[in-house]
Amino acid sequence: MDIKNSIITIKEPPLFSFEECIWFLDRNYDDCAHIVKQNAVWKALQLGEEQYLLKIYEKDNIINIEVLVGSVNTKSKKHIEGFITEWFDLNYDLAPFYNTLKKDKQLAYMYNDFYGLRLMGIPDLFESLCWCIIGQQINLSFAYKLKRKLVERYGTKLEYEGSSFYIFPDFKTLANASTEELKDMQFSAAKASYLISTAQAFEEGKLNKNILKTLPDVESRHNLLTSFRGIGTWTANYVLMKTIRDPNSIPHGDAGLFKSLINHNIIEDKKDTKNIKLFFERYKNMESYIVIYLWRSLAVR
DNA sequence: CACCAGGCGATTT
DNA sequence: AAATCGCATGGT
């Protein structure tokens, strides 16, 4: 294959910072979903039957996607372009959000400090839900540690030039895992059971991205999600934000969100529901974006 | 040592 | 209906 053919390019949208986006992917944690180094991100993924390893970097306001592993043809090229566009939220117009942000006395600084940050998504619904279940109630460092154990045990490893890249386990594999195995890996009994029952819901066809996308509004999507064990309002809203890309999802009860709102003197404490409501009214239909920027503010470069 | 982490469901009041 | 509890473990 011609080397040139293995590089896919996408023109960057306005109000975009590749560097800010890929920095957010890790922000000093240890996410096994990708490797960020030298102004590039390496990402392994499954597209249909085939496995891919992508190296994504920026050059002259163009996103370059180098396909290191996997075959490139018209179909897979389109698939990869679609994946990156969705992951980086390239089709979203940030201008209305920035217009509102710049008028916000406490948060206007974010326009300069986090300029061009997009809502980095989790395109795969099963992966997204598992990540939420893992992260419930524990600190993020431990959550990433648990996720890595899960992925290294049940996922797919891709070796490339001495480095290992991992693809998140598919639901069939996790549906057949046992709670005992997961408990031995430091998952609580409850989390082990939620992960397996979620995987089984996918296997039985009761839950998938298409079902959610077909529902008419965010309330019905929220209600379907929370009808499953282990998926509460926080998880439902997180997934609607990161995977379904509803613009108006707020992960209510989120510890980081409270912390950020307190840091910015927007609320007194967690029980200050009145000011939380007032705050989000300023960001009508862009709630998901302001949440991402509030989370971003918790991380230190 | 206590208390909280990007919560949730079960149990008790 | 609302408040409380247990969960696994790491960090402060």
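- Under 4.0 angstrom from either OP1 or OP2 of B/dA5 there lies at least one side-chain N or O belonging to A/Lys270.
- The interatomic distance linking A/Leu150 (CG) with C/dA8 (P) rounds to 16 Å, in whole Å.
- The interatomic distance linking A/Ile134 (CD1) with C/dG10 (P) rounds to 16 Å, in whole Å.
- Both A/Tyr194 and A/Lys145 lie near DNA chain C, and the one whose nearest nucleotide falls closer to the 5' end is A/Tyr194.
- Between B/dG9, B/dA5, B/dG7, one nucleotide has an atom nearer to the side chain of A/Arg229 than all others, and that is B/dG9.
- A/Gln136 comes within 4.0 angstrom of sugar-phosphate atoms only, judged by non-hydrogen atoms across all strands, and of no base.
- To the nearest angstrom, P of C/dG11 lies 13 Å from CG of A/Asp30.
- Spacing between atom CZ of A/Arg148 and atom C1' of C/dT9 amounts to 18 Å, rounded to whole angstrom units.
- Taking the nucleotide of DNA chain B with the nearest heavy atom to each of A/Phe228 and A/Leu257, the more 5' of the two is matched to A/Leu257.
- Both A/Gly256 and A/Thr226 lie near DNA chain B, and the one whose nearest nucleotide falls closer to the 5' end is A/Gly256.
- Judged by a 6.0 Å distance limit and a 45° cone about the ring axis, A/Lys55 is positioned over the six-membered ring of A/Tyr57.
- Per the geometry, OH belonging to A/Tyr29 stands 9 Å off C1' belonging to B/dA5, to the nearest Å.
- For A/Thr235, a side-chain nitrogen or oxygen approaches OP1 or OP2 of B/dC8 to under 4.0 Å.
- On the P atoms, B/dC8 is 24 Å away from C/dG11, given to the nearest whole Å.
- For the P atoms, the distance linking C/dA2 with B/dA5 amounts to 24 Å, nearest Å.
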Which atom pairs, one a donor and one an acceptor, fall under 3.5 Å between side chains of residues 126-142 of chain A and the rest of the protein, sequence neighbours left out?
{"from": "A/Ser128", "atom 1": "OG", "to": "A/Thr243", "atom 2": "OG1", "distance (Å)": "2.7"}
{"from": "A/Trp131", "atom 1": "NE1", "to": "A/Tyr238", "atom 2": "OH", "distance (Å)": "3.2"}
{"from": "A/Gln136", "atom 1": "NE2", "to": "A/Gly230", "atom 2": "O", "distance (Å)": "2.9"}
{"from": "A/Gln136", "atom 1": "NE2", "to": "A/Thr235", "atom 2": "OG1", "distance (Å)": "3.0"}
{"from": "A/Asn139", "atom 1": "OD1", "to": "A/Ser141", "atom 2": "N", "distance (Å)": "3.3"}
{"from": "A/Asn139", "atom 1": "OD1", "to": "A/Phe142", "atom 2": "N", "distance (Å)": "2.9"}

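- For A/Lys191 and C/dC7, the shortest distance from a side-chain N or O to OP1 or OP2 is not below 4.0 Å.
- When rounded to the nearest whole Å, the span between CZ of A/Phe142 and P of C/dG10 equals 6 Å.
- Separating the CD atom of A/Gln137 from the P atom of C/dG10 is a distance of 15 Å, rounded to the nearest angstrom.
- Distance, A/Leu298 CG to B/dA5 C1': 12 Å, rounded to whole Å.
- The base of C/dA8 is not paired with the side chain of A/Gln186 by any donor and acceptor separated by under 3.5 Å.
- Ring planes of A/Tyr115 and A/Tyr111: perpendicular class, angle over 60° (limits at 30 and 60°).
- In this pair, A/Tyr283 and A/Phe97 present their aromatic rings tilted. The plane angle is within the 30 to 60° band.
- When atom types are taken as modelled, the side chain of A/Arg245 and the backbone of A/Glu86 share a donor-acceptor pair closer than 3.5 angstrom.
- As judged by a 4.0 angstrom heavy-atom cut-off over every strand, A/Ile231 is placed among residues touching the sugar-phosphate backbone only.
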